[in-house]
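What follows is a set of notes on a single structure, which appears directly below.
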Amino acid sequence: MSEKQKKLCIIVSKGTLDSAYPPLILASTAASMGWEAHLFFTFYGLDIVNKKKYRSLKVAPIANPAMPMPVPNIIGMLPGMTAMATAMMKKMMADKKVPSIPELIEVCREVGVKFYGCQMTIDVMGIKEEDLMVDACIGAAGFLEIAGDADVTLFI
Amino acid sequence: MKADEVLDTSGMVCPMPVLKTRKAAESLEPGKVLKVIATDRGAKSDIPAWAKNSGFELLGVEEEGGKYVFYIRKPGGKE
């Protein structure tokens, strides 16, 4: 082990299926390397740790030119297209044996990644704290206190 | 190269090979050698990086038939 334990802090601001992967993968890997890992979920990012939503995160086919099968926006706006794009993405990930979001969350908890909810978002959006899988709900100063001496900080 | 324990992560992709390695390494006795087999191409850099960060010694890396094989030794032990 090195002298000082390294520390990773990530602000997670988006709640789409594709945006949920990088923070969860980085944090679980960091913790498995003996680092401290902290995830601060804010705005739509809170969906990732919302018990009622984390199993049904979606991929947006609209304004997303990077889809494996590009969908014209006028088609992407049709009813059912988001569900279709999401199902395709989930199948692609499962075929390649990429862990699902619920599996990654479980792994994160197992290796000691800390989850925080943004208090302001929770209040503004009227989210119930009991629906969130977080260690604490904190504000900007609380996050900065944790991130102040971090070795890696990211905004996703 | 001789190994005391073997972990096969064939078919798994990032971040699972590293997470499984950590789990296997945890229960390994100090000084013992763990052999990790992986097919994930990211593992080529990930397992050595994990070892370096976790104080494990990377004894060797082999590539055979699309598989990567790593030998890592847990710090401590008598020798």
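Order of the sequence lines sets the chain letters (A, B, ...), proteins ahead of strands, with each chain counted from 1.
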Inset, instruction - Take B:Met16 and A:Lys97 through the test side-chain contact (heavy atoms from CB on, under 4.5 Å) and record every step on the way to the result. - result: CA-CA 9 Å; B:Met16 295 322 285; A:Lys97 296 206 168 58; over 6 Å; no
Legend entry - ILVMFWY cluster, A:Val49 and A:Phe155 together (side-chain gap under 4.5 Å): no
Legend entry - Which atoms of B:Lys52 approach chain A - backbone, side chain, both or neither, heavy atom under 4.5 Å: neither
Legend entry - A:Phe40 reachable from A:Tyr44 in the ILVMFWY side-chain graph, under 4.5 Å edges: no
Legend entry - Contacting moiety of A:Leu104, where chain B heavy atoms sit under 4.5 Å: side chain
Legend entry - Distance, nearest 0.5 Å, that separates NZ of A:Lys6 from CG of B:Asn53: 5.5 Å
Legend entry - B:Phe70-B:Val33 co-clustered via ILVMFWY side chain contacts under 4.5 Å: no
Inset, instruction - Please say whether more than 12 non-hydrogen atoms of neighbouring residues, nucleotides or ligands are located less than 6.0 Å from CZ in A:Phe143. - result: yes
Inset, instruction - Pick whichever of B:Met12, B:Arg22, B:Glu26 has the most heavy-atom pairs under 4.5 Å with chain A. - result: B:Arg22
Inset, instruction - Check each atom of A:Val107 against the heavy atoms of chain B and say whether the ones under 4.5 Å are side chain, backbone, both or neither. - result: side chain
Legend entry - ILVMFWY cluster, A:Val59 and A:Ile101 together (side-chain gap under 4.5 Å): yes
Legend entry - Neighbour count above 12 (heavy atom, 6.0 Å) for A:Met84 CE: no
Legend entry - Non-hydrogen atoms of A:Lys96 and B:Val13 that approach each other most closely: O-CG1, 3.5 Å
Inset, instruction - Taking all heavy atoms of B:Val18 and all of A:Thr29, pick out the closest pair and write down the distance. - result: CG1-CG2, 4.0 Å
Legend entry - Spatial distance of atom CE (A:Met33) from atom CG (B:Asp46) [nearest 0.5 Å]: 8.0 Å
Inset, instruction - Heavy-atom pairs under 4.5 Å with chain B are the metric here; pick the option from A:Ser28, A:Ser32, A:Pro99 that has the most. - result: A:Ser32
Inset, instruction - Tell me whether A:Leu39 is reachable from A:Ile11 by hopping between hydrophobic residues (I, L, V, M, F, W, Y) whose side-chain heavy atoms are closer than 4.5 Å. - result: no
